[in-house]
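Along the sequence shown, residues are numbered consecutively beginning with 1.
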Amino acid sequence: MPPVPKTPTHSKVIVVGSGPAGHTAAVYLARANLKPVMFEGMMANGFAPGGQLTTTTDVENYPGFPEGIMGGEMMDKFREQSVRFGTEIHTETIAKIDLTSQPIKLWREGEEDNEEPTDTANSVIIATGASAKRMHLPGEETYWQAGISACAVCDGAVPIFRNKALAVVGGGDSAAEEAIYLTKYASHVSVLVRRDKLRASKVMAQRLLNHPKVTVLFNTVPLECKGDGKLLQSLVLQDTVTKEIRTQEFNGLFYAIGHVPATALFKGQLNLDEDGYIKTIPGSTETNIPGVFAAGDVQDKKYRQAVTSAGTGCMAAIDSERWLEEHFPDQH
Ligand code: FAD
Ligand code: NDP
């Protein structure tokens, strides 16, 4: 039997997602007296409320925290600020959405089979984020964030990587960018490419191949991560052509094998690019559906930082506020 519907609730604007983008949008909307409702998710897309930063330790590149701050603590502060200005937060996941109706209909997890949802809104801000692809190698769980990372810009500067041999897996633009970035800290960077060619754009590939501190190991994949139980120390590598296996010392392994934006919910309704990211009108957070705005990693495959997510969260709130003012002036 489907669950008994809760009392139907209409909001001017609902925020789906609770990372830096969602909370920044909520703070701006709440301060504009729009009484935003946020669905922060219940382990949605594999993340606790607060998003990707809840899975990391020190965040050292978010302005305003000169000593750095733990990712989880930072997201607790974001949440506190949203609540302080009146955001109503539900620790639930949105499981189904009809963006084509006005008001927009949103079904919470467990309610998907009900004909009508509990929640409707005139405007929706999508801030559901993304997740880095991982390889789930033996040893990966043990050394995750103890030598293994999926974000060089976030983690590259930490002391465990200084003057050490580091590896980047992947052959795309991200791998090239991350490897070159890591040369600032590493003694040497090896890029593990599974085929005999790079996928990266010509200019990035040339930059990578010409860099004195980078070696590109073609036809190479990592098979296992090894260490002393606390920190990563080496990788078991395989040549994909000869199948030969060897072990090489590395103190860092960075995944750059792509990201997956959390957009399954919106397929067929929103315009997505070839990698599944929500397409927004350049210079704004507008999607192809009026009143629906997207912010953060779900619409950004280039920068993917907390501060850029917060920036687009602010933009989405302002875009939504102006849209509501224009289309629902009586309620404003
Ligand atoms: P996310 O942080 O991805 O959050 C999205 C949230 O929405 C999640 O909580 C998810 O559960 C929720 N959600 C998804 N679907 C639904 C749904 N259907 N209903 C309800 N909720 C939903 N960036 C930096 O700037 N500095 C760093 O030091 C840094 N370190 C990082 C370390 C790690 C290990 C990782 C993985 C990332 C790091 N980043 C860092 C990148 C940064 O975390 C992201 O750029 C940022 O969190 C993206 O924010 P977001 O708001 O777009 O979404
Ligand atoms: P891509 O999908 O372009 O590249 C992923 C790379 O990882 C490919 O080389 C792929 O190999 C490899 N790979 C995937 N899975 C595995 C695996 N299991 N084992 C080993 N290798 C694997 O992702 P990116 O994140 O690099 O780029 C995404 C998009 O963002 C692209 O459009 C890119 O151009 C863009 N971007 C642009 C930047 C810029 O302009 N400065 C910076 C970063 C990204 P294979 O080639 O064999 O499939």
Side-chain angles (χ1 to χ4, degrees), residues 130-158 160-228 231-261 273-277 297 300-304:
S131 50
K133 286 189 200 160
R134 287 165 62 168
M135 293 181 75
H136 304 290
L137 301 172
E140 181 176 316
E141 279 311 315
T142 310
Y143 300 112
W144 180 251
Q145 294 290 300
I148 308 179
S149 162
C151 181
V153 178
C154 314
D155 300 327
V158 305
I160 58 169
F161 299 129
R162 296 274 164 130
N163 295 314
K164 297 283 166 53
L166 308 179
V168 174
V169 197
D173 281 327
S174 294
E177 212 169 61
E178 303 238 322
I180 291 166
Y181 179 83
L182 287 171
T183 59
K184 284 198 267 190
Y185 308 105
S187 57
H188 197 81
V189 180
S190 298
V191 182
L192 315 180
V193 179
R194 65 179 171 184
R195 293 186 291 147
D196 61 355
K197 54 169 88 69
L198 293 164
R199 181 183 287 275
S201 56
K202 275 212 171 67
V203 59
M204 294 297 280
Q206 273 315 318
R207 217 173 280 167
L208 190 69
L209 291 164
N210 293 338
H211 200 291
K213 281 176 89 177
V214 173
T215 304
V216 179
L217 301 173
F218 288 105
N219 300 320
T220 304
V221 287
L223 289 185
E224 189 180 346
C225 311
K226 289 185 164 179
D228 60 2
L231 290 174
L232 179 79
Q233 290 174 327
S234 63
L235 295 174
V236 178
L237 304 178
Q238 183 171 43
D239 184 308
T240 53
V241 178
T242 63
K243 306 296 174 204
E244 190 194 327
I245 290 177
R246 65 192 170 86
T247 300
Q248 189 169 335
E249 278 183 27
F250 285 111
N251 295 90
L253 171 66
F254 290 81
Y255 286 134
I257 58 172
H259 281 72
V260 186
D273 75 6
E274 65 285 3
D275 297 316
Y277 289 83
D297 282 10
D300 168 22
K301 65 181 171 198
K302 190 166 176 191
Y303 302 105
R304 295 191 289 239

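- Listed here is the closest heavy atom pair of Ala130 and Pro261: CB-CA, 3.7 Å.
- Residue Ala200 comes nearest to Ala176 through the heavy atom pair CB-CB, 4.4 Å, listed as atom of the first residue, atom of the second, then distance.
- Between Ala152 and Glu178, the shortest heavy-atom distance links the atoms N-OE1, 3.1 Å.
- With respect to Lys302 and Glu177, no salt bridge is recorded, no charged nitrogen being found less than 4.0 Å from a carboxylate O.
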Yes or no on side chain to side chain contact (heavy atoms under 4.5 Å, CB included) for Ile180 and Leu208, after CA distance, side-chain angles and deciding distance?
CA-CA 7 Å; Ile180 291 166; Leu208 190 69; 4.1 Å; yes
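- Nearest heavy-atom pair across Val193 and Gly170 is CG2-O, 3.8 Å.
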Intermediate values then yes/no, side chain to side chain contact (heavy atoms under 4.5 Å, CB included), Val168 and Ser190
CA-CA 6 Å; Val168 174; Ser190 298; over 6 Å; no
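- Of all heavy-atom pairs between Arg194 and Thr240, the closest is O-OG1, 3.2 Å.
- Within a 6.0 Å sphere centred on NZ of Lys213, other residues, nucleotides and ligands contribute more than 12 heavy atoms.
- The closest side-chain heavy-atom distance from Tyr277 to Asp297 is not below 4.5 Å.
- Remark: aromatic rings of Phe161 and Phe254 are close, center separation under 6.0 Å.
- For the pair Ser149 and Asp155, the tightest heavy-atom approach, listed with the atom from each and the gap, is OG-OD2, 2.6 Å.
- Side-chain atoms of Phe218 and Val241, non-hydrogen and from C-beta on, never get closer than 4.5 Å to each other.
- Between Val169 and Leu253 the shortest side-chain heavy-atom distance falls below 4.5 Å.
- Of the inter-residue distances, the one linking His188 atom NE2 with Phe250 atom CZ reads 8.5 Å to the nearest 0.5 angstrom.
- By the 4.5 Å heavy-atom criterion applied to side chains, Ile245 and Val236 are counted as neighbours.
- Residues Glu224 and Leu137 form no side-chain contact, since every pair of their non-hydrogen atoms from C-beta on lies 4.5 Å or further apart.
- Residues Tyr255 and Ile148 have side chains in contact (heavy-atom distance under 4.5 Å, counting atoms from C-beta outward).
- Thr220 OG1 to Asp196 CG: the interatomic distance, rounded to the nearest 0.5 Å, is 11.0 Å.
- Inter-residue side-chain proximity for Val189 and His211 is flagged as unmet; no heavy-atom pair is nearer than 4.5 Å.
- The structure places OG1 of Thr247 at 9.5 Å from CG of Leu223, a figure rounded to the nearest 0.5 Å.
- Annotation: Glu249, atom CD; neighbour count of heavy atoms from other residues, nucleotides and ligands within 6.0 Å does not exceed 12.
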One pair to check against side chain to side chain contact (heavy atoms under 4.5 Å, CB included): Lys301 and His259. What are the steps and the verdict?
CA-CA 8 Å; Lys301 65 181 171 198; His259 281 72; over 6 Å; no
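- Atoms CG and CG, on Leu198 and Asp173 in that order, are 9.5 Å from each other to the nearest 0.5 Å.
- Listed for the Tyr143 side chain is no donor-acceptor partner under 3.5 Å among the backbone atoms of Cys225.
- Interatomic distance, CE of Met204 versus CZ of Arg199, reported as 15.0 Å (0.5 Å rounding).
- A heavy-atom distance below 4.5 Å is found between the side chains of Gln238 and Lys243.
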Audit row: Leu235, Gln248, side chain to side chain contact (heavy atoms under 4.5 Å, CB included) steps and yes/no:
CA-CA 6 Å; Leu235 295 174; Gln248 189 169 335; 5.8 Å; no
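- Rounding to the nearest 0.5 Å places CG of Asn251 at 8.0 Å from CD1 of Ile160.
- Arg162 places a side-chain N or O within donor-acceptor distance of the main-chain N or O of Ala157, the cut-off being under 3.5 Å.
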